[in-house]
Amino acid sequence: MTIFLTYHINAIMTQKTSAALADPSAPASSVQQDDNILRAAKLKKLQALEETGTNAFPHKFERTHKQGELQDKYAGLENGAETEDHVHIAGRVMAMRNNGMFIDLTDPSGKIQVFCHKESMEPSEFQKLDYIDLGDIIGVEGTIRRTPRGELSVRTKSITMLTKSLLPLPEKYHGMTNIEQRYRQRYLDLIMNEQSRTVLRTRTMIVRAIREFMNNMGAMEVETPMLHPIMGGAAAKPFVTHHNAFDTDFFLRVAPELYLKRLIVGGFADAVYEIGRNFRNEGVSIKHNPEYTAIEAYHSYMDYYDLMNLIEDLVRFIVLAVHGSTKIQYGDKVIDFGPPWARKSMVGLVQEETGVDFMTIETAAAARAKAAELGFKVDPQFNWGQVVEYIFAETAEHKLIQPTHVIDHPYDISPLSKLHRDNPRLTERFESYVNGWEICNAFTELNDPRDQLARFQEQVAQREGGNEESMMLDDDFVTALEYGLPPTGGWGVGIDRLVMLLTDSSNIRDVIAFPTLKPNFGNKKSAE
RNA sequence: GACCGCGUAGCUCAGCCGGUAGAGCAACUGACUUUUAAUCAGUAGGUCGUGGGUUCGAAUCCCACCGCGGUCACCA
């Protein structure tokens with residue numbers, strides 16, 4: 001596999017750098033030569049080790065304890081105390097002091113010091129230190145002690161090479177700080193940076209908590225297609241891909257919505273949810289990755305009032321699971337998920353900010369004129385709802401630091417929401433904002449097939465008018481609604497943003513193990 | 001996409017009003033067996049992102065390109 005990948009990348013490089021390689025004085029294998037210089041010392045040790053008859057990559061090592069377990073178990077052991085407690089531990093060599101007498105051995109649970117004293121070890125074991133480098137994975141057998149200076153240690157009896165590392169680790173004090181390299185070589189970032197490990201582990205905890213909450217309420221987790229023949233479920237620019245056997249283009253999904261509602265139509269379950277990736281062919285920023293993870297859920301016989309309560313309960317459950325408190329620190333702000341969240345209508349917030357009640361403005365043209373009067377440069381194509389949304393985003397959105405449900409969105413920006421029971425210019429929709437970010441989008445689902453068809457047709461008209469983010473008409477979805485979608489509430493939460501909030505991360509790439517990066521085949525650092 | 005900034009040894013960084021490339025850590029050789037970024041002495045390691053240009057001479061000045069970061073606009 002590795003050989004194949006190397007070959008493949010070299011082939012790409014050859015295409016891209018054929019001019020340079022055509023020069024006979026330019027060594028085609030310069031990358032490999034660099035590697036050989038870097039690896040020479042370690043390869044030499046590896047070969048010397050293998051000449052002693054040792055397997056540097058054995059198949060199995062029986063551990064008795066993890067490092068973290070030992071730190072917990074012996075937390076009360078006094079300085080200078082020796083025990084006869086015999087352990088087998090394993091991990092990566094992260095530091096060697098005093099010529100290998102002290103080794104910091106880490107595993108995912110923590111770190112313990114390995115103490116190699118020649119009077120405790122057979123000479124044949126002690127000599128193995130000569131073959132060990134920073135970065136190697138080793139197993140150690142010995143007894144537990146705490147040094148006079150207070151460091152919990154294993155007094156080594158024997159050492160086993162488990163995996164010989166052939167490349168040097170980054171510098172131990174500063175670690176790896178090059179941001180690009182941290183994302184491109186996440187494994188190195190994880191080895192070196194505790195903070196990176198913590199953030200990504202917290203992400204896993206958050207996803208686990210979401211599943212627990214949903215499963216506890218009886219919702220069924222499902223999977224729906226990521227290859228969509230029809231772009232729908234959200235307004236967004238999609239990726240297009242091609243299926244060879246069908247000779248057909250597919251869109252990578254921008255949202256699972258239309259499939260999940262089909263499952264509710266089918267009576268598969270009262271509530272379904274999907275946690276998965278959506279793909280949007282749009283800009284990349286500290287808050288946007290081309291593929292991002294969201295949960296979407298649909299609950300029959302709930303409306304958007306029920307969903308507001310549900311979202312508050314869910315987020316509190318997650319925050320408590322991760323932090324043990326409903327209050328979190330993000331940058332210099334303290335955010336409290338505990339109290340009931342504020343509920344403010346979008347039109348009302350616009351009125352608070354501008355003094356203008358847009359409900360008194362009937363037409364799109366009048367709305368645009370009023371916006372212009374207020375100093376906003378709105379698109380001449382904007383309809384009434386788009387004007388309201390634009391002014392909301394410009395004036396109010398960034399101020400919504402504490403959890404707030406923004407409710408009752410205009411009809412014409414909400415093509416899948418049910419009309420508001422009290423006002424047909426609005427819909428029963430809400431978006432939950434925290435720290436100025438939208439973290440949830442939810443609504444009482446539109447289930448009148450005649451209305452849905454009309455909304456699709458509006459989308460198609462917008463699409464033909466040049467809006468490539470508008471949805472396509474999904475006939476089969478309308479057909480499904482014609483069989484009958486019960487009254488249903490649906491919602492989606494962007495998990496990456498939520499993880500950013502709960503890990504105090506300022507860049508979405510910090511909460512995604514392998515964020516989307518521009519390929520850089522010509523860079524020798526990436527060509528390894 | 002626009003603007004600003006960055007790219008020098010495996011890693012962290014100096015050097016940049018042009019004069020043949022420097023430190024610390026890592027590595028290698030040696031000393032040292034109770035260290036915590038261990039210490040001490042020595043050695044080796046770099047087409048200074050890529051390609052052009054100006055110049056007697058470019059890491060340094062200019063142009064283009066690649067990648068990254070930040071800000072802004074649209075999207076979660």
Side-chain angles (χ1 to χ4, degrees), chain A residues 16-17 19-20 23 25-27 30 34-35 37-42 44-45 79-80 94-104 111 113-121 126 129 133-135 145-151 153 155 166-185 188 192 234-237 254-255 278-294 296 377 379 390 393-394 431 433 437-441 467-469 492-498 500 506-509 517-526 528:
Chain A
K16 288 202 144 195
T17 60
D23 176 4
S25 68
S30 61
D34 286 348
D35 283 356
I37 291 167
L38 297 171
R39 289 179 172 132
K42 294 189 180 226
K44 191 175 159 191
K45 275 190 187 175
N79 290 3
M94 291 301 290
M96 295 177 80
R97 293 179 292 277
N98 286 45
N99 214 12
M101 181 160 56
F102 302 98
I103 294 172
D104 286 345
K111 179 186 92 175
Q113 180 171 272
V114 169
F115 177 61
C116 296
H117 199 283
K118 59 184 173 187
E119 290 175 9
S120 305
M121 302 171 72
F126 191 72
L129 282 176
D133 288 316
L134 284 178
R145 64 187 292 259
R146 191 177 289 279
T147 66
R149 299 200 187 187
E151 191 73 38
S153 305
R155 181 184 286 278
L166 296 181
L167 289 170
L169 290 177
E171 193 248 356
K172 63 188 168 191
Y173 185 61
H174 299 90
M176 189 169 63
T177 62
N178 182 298
I179 293 169
E180 175 184 358
Q181 193 184 0
R182 284 183 44 218
Y183 298 140
R184 288 196 189 276
Q185 293 184 282
L188 262 186
M192 299 306 297
K237 292 189 192 122
V254 298
N278 296 324
F279 304 86
R280 303 214 173 160
N281 203 344
E282 293 161 1
V284 174
S285 78
I286 57 172
K287 280 166 65 183
H288 300 86
N289 196 58
E291 51 179 310
Y292 70 97
T293 303
E296 265 193 37
K377 292 178 183 172
D379 190 315
Y390 180 83
E394 287 291 306
E431 292 178 306
Y433 283 83
W437 305 346
E438 179 199 328
I439 62 156
C440 176
N441 183 22
N467 185 350
E468 56 184 321
E469 295 184 11
V493 167
I495 289 177
D496 311 275
R497 294 268 176 92
L498 193 60
M500 287 172 70
S506 58
N507 192 322
I508 196 169
R509 289 176 160 180
L517 299 172
K518 199 159 182 171
N520 189 4
F521 296 117
N523 184 329
K524 66 180 178 181
K525 283 177 186 166
S526 71
E528 299 212 4

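So that the names make sense, note that chain A is the first sequence line, chain B the second, and so on, each numbered from 1. Just so it is clear, the model here is predicted, and its values are computed rather than measured.
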Trainee: Under 4.0 Å, heavy atoms only, any strand: does A/E119 hit a base, just the sugar-phosphate, or nothing?
Mentor: nothing
Trainee: What's the gap between B/C56 and B/G18 when it is taken at their C1' atoms, as a whole Å value?
Mentor: 12 Å
Trainee: Would you please confirm or rule out a distance under 4.0 Å between OP1 or OP2 of B/A76 and any side-chain N or O of A/K287?
Mentor: no
Trainee: Strictly by Watson-Crick or wobble contacts shorter than 3.5 Å, is anything paired with B/A23, and which nucleotide is it?
Mentor: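 Matched B/A23 with B/U12 under the 3.5 Å cut-off.
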Trainee: Just by distance, with hydrogens left out, do A/H288 and A/S285 show a side-chain donor and acceptor under 3.5 Å apart?
Mentor: yes
Trainee: P atom, B/A14 versus B/G1: distance in rounded Å?
Mentor: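 Between the two P atoms, the distance is 30 Å.
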Trainee: With side chain to side chain donor-acceptor pair (under 3.5 Å) as the criterion, how do A/Y173 and A/E171 come out once you've worked through the C-alpha distance, each side chain's angles and the decisive distance to 0.1 Å?
Mentor: CA-CA 6 Å; A/Y173 185 61; A/E171 193 248 356; over 6 Å; no
Trainee: Rounding to an integer number of angstrom, what distance separates B/G69 and B/A59 when you compare their P atoms?
Mentor: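 Roughly 28 Å separates the two P atoms.
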Trainee: Rounded to whole angstrom, note down the P distance from B/U71 over to B/A23.
Mentor: 37 Å
Trainee: Tell me what A/G175 touches on the nucleic acid: a base, only sugar-phosphate, or nothing, going by heavy atoms under 4.0 Å.
Mentor: sugar-phosphate
Trainee: How long is the span from the CD atom in A/Q181 to the CD1 atom in A/I179, to the nearest 0.5 Å?
Mentor: 11.5 Å
Trainee: Reckon A/R509 touches a base, only the sugar-phosphate, or nothing at all at heavy-atom distances under 4.0 Å?
Mentor: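 Here A/R509 touches the backbone only, sparing every base.
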Trainee: For A/E291 and for A/S506, locate the closest nucleotide of RNA chain B by heavy-atom distance; then report the residue assigned to the nucleotide nearer the 5' terminus.
Mentor: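 Checking each residue's closest nucleotide, the 5'-ward one belongs to A/S506.
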Trainee: Closest approach to the side chain of A/E171, judged atom by atom: which nucleotide of B/C11, B/A76, B/U34 is it?
Mentor: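 For the A/E171 side chain, the nearest candidate turns out to be B/C11.
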Trainee: Ring stacking, A/Y292 with base of B/A76, under 5.5 Å and under 30°?
Mentor: yes
Trainee: Side-chain contact test, heavy atoms from C-beta onward, threshold under 4.5 Å: evaluate it for A/N178 versus A/Q185 and give yes or no.
Mentor: no
Trainee: Is the phosphate of B/G70, meaning OP1 or OP2, less than 4.0 Å from a side-chain N or O of A/N507?
Mentor: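 The answer is yes; a side-chain N or O of A/N507 sits under 4.0 Å from OP1 or OP2.
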Trainee: With rounding to whole Å, what would you report as the distance between B/U47 and B/U8 at their C1' atoms?
Mentor: 13 Å
Trainee: Are any of A/K518's side-chain N or O atoms less than 4.0 Å away from OP1 or OP2 of B/G67?
Mentor: yes
Trainee: Do side-chain atoms of A/N278 reach the backbone of A/Y292 as a donor and acceptor pair under 3.5 angstrom?
Mentor: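 A pair under 3.5 Å: no.
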Trainee: Please measure how far the P atom in B/A9 lies from the corresponding atom in B/G46, and state the result in whole Å.
Mentor: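 It works out to 11 Å between them.
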Trainee: Measure the distance from CD on A/Q181 to P on B/A9 and round it to the nearest whole Å.
Mentor: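 Going from CD in A/Q181 over to P in B/A9 covers 11 Å.
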Trainee: A/N99 CG to B/U29 P: how many Å, rounded?
Mentor: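 My rounded result for the distance is 11 Å.
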Trainee: Using modelled atom types and a 3.5 Å cut-off, is there a donor and acceptor pairing between side-chain atoms of A/E282 and backbone atoms of A/K237?
Mentor: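 Answer holds: yes.
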Trainee: In whole angstroms, how far is the C1' atom of B/C28 from the CE atom of A/M96?
Mentor: 14 Å
Trainee: Just how far, in rounded Å, is P of B/A73 from CD of A/E282?
Mentor: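 Taking atom P of B/A73 as the reference, CD of A/E282 is at 16 Å.
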Trainee: Pick base, sugar-phosphate or nothing for A/K45, based on heavy-atom distances below 4.0 Å to the nucleic acid.
Mentor: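 Sugar-phosphate, no base atom in range.
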Trainee: Could you check which nucleotide pairs with B/A64 in any of the strands shown, counting Watson-Crick or G-U wobble with both distances under 3.5 Å?
Mentor: B/U50
Trainee: Could you tell me how far apart A/I103 (CD1) and B/A26 (C1') are, to the nearest whole angstrom?
Mentor: 16 Å
Trainee: Is the shortest side-chain heavy-atom distance between A/E469 and A/V254 below 4.5 Å?
Mentor: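 Side-chain contact under 4.5 Å: no.
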Trainee: A/L134 has an atom CG; how far is it from atom C1' of B/U36, in whole Å?
Mentor: 14 Å
Trainee: Counting only distance, no hydrogens or angles, is the base of B/C75 paired donor-acceptor with the side chain of A/H288 under 3.5 Å?
Mentor: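 Side chain to base: pair present.
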Trainee: Considering only B/A37, B/U12, B/C28, which nucleotide approaches the side chain of A/K172 most closely?
Mentor: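 The listed nucleotide nearest to A/K172's side chain is B/A37.
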Trainee: In terms of side-chain heavy atoms of A/M176, which of B/G69, B/G67, B/C11 is nearest?
Mentor: B/C11
Trainee: If I pick the P atom on B/G57 and the same atom on B/G19, what distance separates them, to the nearest angstrom?
Mentor: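 Rounded to whole Å, the distance is 15 Å.
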Trainee: What is the nucleic acid contact for A/F115, judged by heavy atoms within less than 4.0 Å: base, sugar-phosphate only, or nothing?
Mentor: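 Base contact - A/F115 has a heavy atom under 4.0 Å of at least one base atom.
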Trainee: Check the distance between B/C68's P and A/Q185's CD and give it to me in whole angstrom.
Mentor: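 That distance rounds to 14 Å.
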Trainee: Counting only side-chain heavy atoms from C-beta out, which of B/U34, B/C11, B/A76 sits nearest to A/N98?
Mentor: B/U34
Trainee: Measure from the side-chain heavy atoms of A/H174 and tell me the nearest of B/G67, B/C28, B/U12.
Mentor: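 Nearest to the side-chain atoms of A/H174, counting from C-beta on, is B/U12.
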Trainee: Given atom CD of A/E468 and atom P of B/C75, what is their separation to the nearest angstrom?
Mentor: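 Whole-Å distance recorded here is 13 Å.
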Trainee: Can you tell me the base-pairing partner of B/A2? Count Watson-Crick or G-U wobble geometry only, both distances below 3.5 Å, and say none if there is no partner.
Mentor: B/U71
Trainee: Under a 3.5 Å cut-off for both distances, is B/U39 Watson-Crick or wobble paired, and to whom?
Mentor: B/A31
Trainee: Does B/U34 have its OP1 or OP2 closer than 4.0 Å to a side-chain nitrogen or oxygen of A/R97?
Mentor: no
Trainee: Base, sugar-phosphate or nothing for A/R155? Non-hydrogen atoms, less than 4.0 Å.
Mentor: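 Base contact.
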Trainee: Is any side-chain heavy atom of A/S506 less than 4.5 Å from a side-chain heavy atom of A/I286?
Mentor: no
Trainee: Counting heavy atoms from C-beta on, name the nucleotide in B/U34, B/A76, B/C11 closest to the side chain of A/H117.
Mentor: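 Selected nucleotide: B/U34.
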Trainee: Let's see if you can work this out: which of B/A38, B/C11, B/U34 has an atom nearest to the side-chain heavy atoms of A/P170?
Mentor: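 Among the listed nucleotides, the one closest to the side chain of A/P170 is B/C11.
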Trainee: Remember a base hit wins even if backbone is also touched, and classify A/E151 as base, sugar-phosphate or nothing at under 4.0 Å, heavy atoms.
Mentor: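 Base contact.
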Trainee: Is it the case that over 12 heavy atoms from other parts of the model lie below 6.0 angstrom from the NZ atom of A/K111?
Mentor: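 Counting neighbours around NZ of A/K111, 12 or fewer heavy atoms of other residues, nucleotides or ligands fall under 6.0 Å, so no.
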Trainee: Base, sugar-phosphate, or nothing: which does A/T147 touch, judged by heavy atoms less than 4.0 Å apart?
Mentor: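 Base, at least one base heavy atom under 4.0 Å.
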Trainee: Counting only Watson-Crick pairs (N1-N3 plus N6-O4 or O6-N4) and G-U wobbles (N1-O2, O6-N3), all under 3.5 Å, who is the partner of B/G45?
Mentor: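 Matched B/G45 with nothing under the 3.5 Å cut-off.
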Trainee: Rounding to the closest angstrom, what is the interatomic distance between B/C48 and B/C16 at atom C1'?
Mentor: 11 Å
Trainee: Under 4.0 Å between any heavy atoms, over every strand shown, what does A/I439 touch: base, sugar-phosphate, or nothing? Just pick one.
Mentor: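 Here A/I439 touches no strand at all.
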Trainee: Return the nearest nucleotide to the side chain of A/I179; candidates are B/G67, B/U36, B/G69.
Mentor: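 When the side chain of A/I179 is considered, B/G69 is the closest of B/G67, B/U36, B/G69.
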